[in-house]
Amino acid sequence: MDSSGKPPSFATGDSLRGVDSELRLITELSDAVRKNGDAKAAAELIHLRHKVCLTGQHPPPPEHWPPTVSTNVGGTEIPTVSPGELTVEVLKDAISRQSCLLVPGLMPERDVDDIVAGIDRALDAIARRKAGDTDPSLESWFLPYVPEGAKDAYAEVRHWANMCGTVFAADSPQNFQRFVDTCNSMGVFDLLTEYFGVRPVMSVPKTTLKRVTPDTPIGWHQDIRAYGENTRALNMWVALSPCGKDARGLGVVPINPGGPVEDTPPPPPLVPISDETISRLAVEGTPAHEPLFEKGDVLFFDTVLPHTTQQGDIAKFTKNRYAMECWFFSPTTLEDIWLPLHV
Ligand SMILES: O=C(O)CCC(=O)C(=O)O
């Protein structure tokens, strides 16, 4: 209770308690990054965002989960709405029935272009560092994030991801701030705060910038296998260039199976689903889809959606694809190993 006797409102990040100075500093440093691309401020922001999460000052999530707003049965096509039709009710409805919602053109073209340019700069910085370039200006675009006083638990994953053209957004401080600003101007944080019932957090290894080449590894999976059954999460996957035809897009089975579609969990970190299971889902009425995405198209999906980087013979794909994977989490349901970030 506050001094007025009212229970505290936990709807937004601003209502976190005990971290006022950190939250103020986040606002100030974000301004510095926006105004003059301050590289030190951008890097410090990532540390602060994680520090705020580690205080555990998170509001409790709603008791009832997952949110359900309709008893309609799901279809077999990917549910799709225009940006103007996107509301939290529409999102909850689509996720509860089919685990996904496609919103073509949700991310404005100018933001897409900025992020694509940022991905190229990040990958270029990685290549130059690897070649021995010690220019400090590269750190704006690639500076591996390791929490203060901790060991680099993601060194191997990062190495493997970078080899595949993927960068953790938090390892690219300028890109991270750019993306946070884009989410804010798109109204994504407000939408997802309503969706989760609490302000969501992001995660260091699960917010990634990608330049996917035709020879990238592929495999059907559900993220519930990685996070566990009690983690409340939603991915905002953004196509930053056209894909699905000349460049690998995504394969998805638009179904909400309510949990893992296979009984035996594979050993971590692998989270694959066999092709036989995908064929079974098709026979049962929900075939896989390989949508044609245009730049700025957003696919929201939850942890039980079976999905894969688009499969098919490498000869079919002649172009790279730019994209973002951005998982949002209900803070108290995410383990600290995922390095949560306050946004
Ligand atoms: O971008 C891709 O190809 C894979 C995306 C994915 O697996 C995810 O966002 O969870």
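Sequence positions, counted from 1, serve as the residue numbers for this chain. It should be emphasised that the depicted structure is a prediction, and the values quoted were computed from it without experimental measurement. First listed ligand is number 1; within each ligand, the first listed atom is number 1.
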Neighbouring protein residues of ligand 1 - any heavy atom closer than 4.0 Å: Lys210, His221, Asp223, Asn235, Trp237, Leu250, Phe301, His307, Thr309, Arg321, Glu325, Trp327

Only one of Arg321, Glu294, Lys319 passes side-chain contact (heavy atoms from CB on, under 4.5 Å) with Pro242, and that residue is Glu294

Tell me whether the rings of Trp237 and Phe293 are parallel (<30°), tilted (30 to 60°) or perpendicular (>60°). tilted

Looking only at side-chain N and O atoms, does Trp141 offer a donor or acceptor that is under 3.5 Å from a partner on Glu139? no

Ring-face cation contact, Phe189 with Arg199, 6.0 Å cut, 45° max: yes

Do Glu262 and Ser274 meet the criterion of a side-chain donor-acceptor pair at a distance under 3.5 Å? yes

Please check: side-chain N/O of Gln174 versus main-chain N/O of Gly118, any donor-acceptor pairing under 3.5 Å? no

